[in-house]
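Data block below; observations after.
To find a chain, count down the sequence lines: A is the first, B the second, and so on, and within it residues start at 1.
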There are 2 protein chains.
Amino acid sequence: MEIEINIDDDVPLFTQVMEQIKQAVSAGHCLPGSALPSIRQLSSDLEINSKTVAKAYRLLERDQIIQTKGHRGTFVHPNAKANCTINLQERAVADLTRAIQTLKNVNLTDSEIRNAFALVMNGQGPKGQ
Amino acid sequence: MEIEINIDDDVPLFTQVMEQIKQAVSAGHCLPGSALPSIRQLSSDLEINSKTVAKAYRLLERDQIIQTKGHRGTFVHPNAKANCTINLQERAVADLTRAIQTLKNVNLTDSEIRNAFALVMNGQGPKGQ
DNA sequence: TATTGTACCCCTACATCAAAGGGTACATAT
DNA sequence: ATATGTACCCTTTGATGTAGGGGTACAATA
């Protein structure tokens, strides 16, 4: 588990942490069930804020790459290697591309699309949800 | 064709112009085929920039509320009244709500959804379109 | 008691975007 | 010559969102 962080890189720190852990899992350097360093430990090693590591861990657990067992620590998910191939971001881009394309086809302005998007994201969607 | 503009209103000026013209058409105060004031004329009357009026006219023409006939001026669209009921913004909100809801259902972060949206809007969507 | 993940609060720096205006120019048609 | 819609260039202003950090606190457990 050797992770290197470049603060000068324009890739966000939490993304770098995520990618490197994913890479280690994919390469077989981290086997399912093995323990990962604690959030505080890793943040100390990398000399970055613990909240940044916590964010990376939180997203990795959502993606089922790791498993957190409360106070007992964090471990590699049993199905981690397979789940590394799932890319939610690509899924999001694909879904949104379809939706946006249909809106552009009826000549909606980029501004209008952005505006509608903001309304939905801010919970001011249709029928005041 | 009496249009009143409130600069203090938080509704954008071009939106106010659009809404009031739509309102006049819906109420039957502007019959199909009748002429609208020119962009320069209306911007002068309202004491706002001509580009603001031009933007309102451009969008109204897209929505087929008005028709611009080049140098001859701008006129109310033959089917204006019916087209006033079509709300593209609602369409956009509805479409995006569906897409975003499915993404939230797989626990995508708001940040990730916004990020994917930005990629698509900036033409960096899937497969380098 | 110390460590675990987690959940709050507040803050700064930075980027992006929308709205609006200022200005200039163009081809077309009367 | 004049008025039409239109298409560019530039600018300022304000709002919003992200990344990251600082700090504090909590229940559970070994």
>> Can you measure A:Leu42 atom CG to C:dT4 atom P for me and round it to whole angstrom units?
In response: 12 Å
> Which pairs, with at least one residue in residues 90-109 of chain B and sequence neighbours excluded, count as a salt bridge (Lys or Arg N to Asp or Glu O under 4.0 Å)?
Replying inline: B:Arg91-B:Asp95, B:Asp95-B:Arg98, B:Lys104-B:Asp110
>> Side chains of A:Gln41 and A:Ser38: any donor to acceptor distance under 3.5 Å?
In response: no
>> How many whole angstroms separate atom CZ of A:Phe75 from atom P of C:dT4?
In response: 11 Å
>> Rounding to an integer number of Å, can you tell me how far B:Phe117 CZ sits from D:dT18 C1'?
In response: 16 Å
> Could you state the CG-P distance from A:Asp8 to D:dA19, rounded to the nearest angstrom?
Replying inline: 18 Å
Using atom types as modelled, flag every donor-acceptor pair under 3.5 Å from a side chain in residues 65-77 of chain B to any protein atom, sequence neighbours excluded.
unit_1	atom_1	unit_2	atom_2	d
B:His77	ND1	B:Asn79	N	2.9
B:His77	NE2	B:Gln64	OE1	3.4

>> I want to check one thing: is the phosphate of C:dT4, taken as OP1 and OP2, less than 4.0 Å away from some side-chain N or O of A:Thr68?
In response: no
>> Between the opening five pairs and the closing five pairs of the helix from C:dT1-D:dA30 to C:dT30-D:dA1, how far apart are the helix axes, to 10°?
In response: 0°
> If the sugar-phosphate is the primed atoms plus P, OP1 and OP2 and the base is the rest, what is the B/S/- string for nucleotides 18-30 of chain C, using protein heavy atoms under 4.0 Å?
Replying inline: SSSSBB-B--BS-
> How would you list all residue pairs meeting ring-ring contact (aromatic ring centres under 6.0 Å, His included) that involve residues 89-120 of chain A, not counting sequence neighbours?
Replying inline: A:Phe117-B:Phe117
>> If the cut-off is 4.0 Å, is B:Thr74 near the phosphate of D:dT4, judged by side-chain N/O to OP1 or OP2?
In response: no
>> So, OP1 or OP2 of D:dT4: does either fall under 4.0 Å of a side-chain N or O from B:Ser38?
In response: yes
For residues 3-12 of chain A, please give each side-chain donor-acceptor pair under 3.5 Å, one per line with the distance, not counting sequence neighbours.
unit_1	atom_1	unit_2	atom_2	d
A:Asp9	OD1	A:Val11	N	3.0

